[in-house]
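Source: prediction; values computed, not measured. Just follow the structure's listing: the first ligand is 1, and inside any ligand the first atom is 1.
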Amino acid sequence: MSFLSKFDPEIADAIENEINRQRSGLEMIASENIVSRAVLEAMGTPLTNKYSEGYPGKRYYGGNQFIDVSENLAIDRAKKIFGAEHANVQPHSGSQANAAAYFALLNPSDKILAMNLAHGGHLSHGAPVNFSGKFYNVVFYGVSKDTGRIDMDDVREIALREKPRLILTGASAYPREIDFAAFRKIADEVGAYLMADIAHIAGLVAAKIHSDPVPVCDVVTTTTHKTLRGPRGALILSKIADRLRPEDKKNLAQKIDSAVFPGMQGGPLEHVIAAKAVAMLEALQPDFIEYQKQIVKNAKVLAETLLAGGLKLVSGGTDNHLILIDLTDTGLAGKQVEDALGEVEIYVNKNMIPYDTRKPTDPSGIRLGTPALTTRGMKENEMKLVGEMIVKIVKNIADENIKKEVRESVRELVTKFPIYQGFSVL
Ligand code: DSN
């Protein structure tokens, strides 16, 4: 960063410090990952200089011949990875992808049936404080109190009663596999569209180790920076299947494209789209499937270690990349545990658990994920060590000697799995 360090040392320092924080800590926030140098390089290019409103071949500005090449590669790779017939690679974020999907399928005030935020859903799935809760009439399903899992009989009962125009599946804190085909059956029964937001599990879906929403949903949205391990941004995918009403089938791709631009966004971030294309080429390599399998293996070992250490997990374990610890029996609050783990450089986030009796700003849960540690090359043995460190901190929350000991163990571990050093891919 020689130019930046000379011109703006304050920002250069902040960036350097953040890189060092990422190097020296254990990143266990389930929605985060570590991108390759190739992805970083694509993002840090003069493609940011270009205005490209419109789509490849149909731009509102001249000089887009090379941008078109890059965006078309991103589109083709997204379609290939997910088996989609249409892909829009322009959404700046998951929320904007969701907003565009709603725009394409719904009218304001239409009814959506979505997963409750407090049970693992997402803000943009109809939370009252979010645009989705303000513009649409949203009703919710959740997880069963006994099992911590989505109860499909319950979803069906609500759908039959409420008759939503759209059923939305997908979550940001749900540790179990989602049965997209079962959602499809319910959507067909009530004549609703089916949409999946697979932001968290996109990598698992791409690697075909999770049930696949693309063949059964009308629209699928995802961010690109979680398990998919790309730059910050999003995609909208659709199969444009035969079950769509004829008028909708004809127009779905067009409706999605015009909902993104000019409906929601102006100029696309073409440097980010180029980086999405690079990340998707990485996702098309055979070792990406191994990576995704390892994420899940790691999460399972981590869950077993936490359970063996006496911690309670929502739903009793995990099928995917994330784990939700229920702290209720420990007498500790989520914020306190997030802070204590942060002190030893284990980064997690406090999270609501289903039927939480505490407030969202200081809930009863801790959400953990394995995508970033797996990218660093950590496997089952390291997950066991990390799980034991977490248990030690939770059980000795105020013990400074234990914190010192765990911080040293973290430092020792990360030096064996370096990132952004030397000439490695990372
Ligand atoms: N904020 C993301 C997460 O952490 O799950 C979802 O958008």
Side-chain angles (χ1 to χ4, degrees), residues 22 25-35 91-102 112 114-133 138 140 142-143 150 168-178 195-205 210 213 220-237 264 272 276 279 295 299 314-315 318-325 334-335 337-338 341-342 346-354 356 360-375:
Q22 291 186 19
L26 293 174
E27 188 49 74
M28 300 193 74
I29 292 177
S31 49
E32 295 186 11
N33 211 327
I34 304 163
V35 298
H92 303 330
S93 73
S95 281
Q96 277 168 298
N98 288 345
Y102 305 153
I112 302 177
M115 186 149 171
N116 192 336
L117 174 64
H119 287 213
H122 187 254
L123 270 175
S124 65
H125 297 183
V129 293
N130 183 262
F131 77 91
S132 51
V138 190
F140 296 102
V143 299
I150 299 169
L168 174 51
T169 139
S172 60
Y174 185 62
R176 294 299 179 175
E177 182 158 6
I178 296 174
M195 170 176 160
D197 175 346
I198 59 164
H200 267 263
I201 53 168
L204 278 60
V205 169
H210 188 287
V220 175
T221 58
T222 181
T223 50
T224 39
H225 48 271
K226 299 187 175 90
T227 46
L228 201 52
R229 202 166 56 181
R232 204 150 278 281
L235 308 172
I236 306 178
L237 308 158
M264 288 298 304
V272 178
K276 288 177 190 173
I295 288 178
V314 171
S315 85
T318 181
D319 297 329
N320 57 26
H321 64 299
L322 76 79
I323 292 162
L324 200 53
I325 303 176
K335 185 166 177 354
V337 174
E338 178 190 294
L341 289 170
I346 297 177
Y347 300 108
V348 301
N349 70 278
K350 57 186 175 298
N351 212 97
M352 294 283 278
I353 55 167
D356 209 326
T361 45
D362 192 10
S364 307
I366 287 289
R367 191 184 65 161
L368 302 162
T370 54
L373 295 192
T374 309
T375 292

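For the ligand labelled ligand 1, residue Arg367 lies inside the 4.0 Å heavy-atom shell.
Between Ser31 and the choices His225, Arg367, His321, the side chain to side chain donor-acceptor pair (under 3.5 Å) rule is met once, by Arg367.
Of all atoms in ligand 1, listed by their number and element, those nearer than 4.0 Å to a heavy atom of Ser172 are 5 (O). The ligand atoms of ligand 1 that sit less than 4.0 angstrom from a heavy atom of His122 are 6 (C), 7 (O). When each atom of ligand 1 is checked for a heavy atom of Ser31 under 4.0 Å away, the hits are 3 (C), 4 (O), 5 (O).
The shortest side-chain heavy-atom distance between Arg232 and Val272 does not fall under the 4.5 Å cut-off. Using a 4.5 Å heavy-atom threshold, the side chains of Leu228 and Thr223 count as separate.
A side-chain donor-acceptor contact under 3.5 Å links Glu338 to the backbone of Lys350. For the pair Thr227 (side chain) and His200 (backbone), a donor-acceptor distance under 3.5 Å is present.
The nearest heavy-atom contact from the protein to atom 2 (C) of ligand 1 is Lys226 CE, 3.9 Å. For atom 5 (O) of ligand 1, the closest non-hydrogen atom of the protein is His200 NE2, 2.7 Å.
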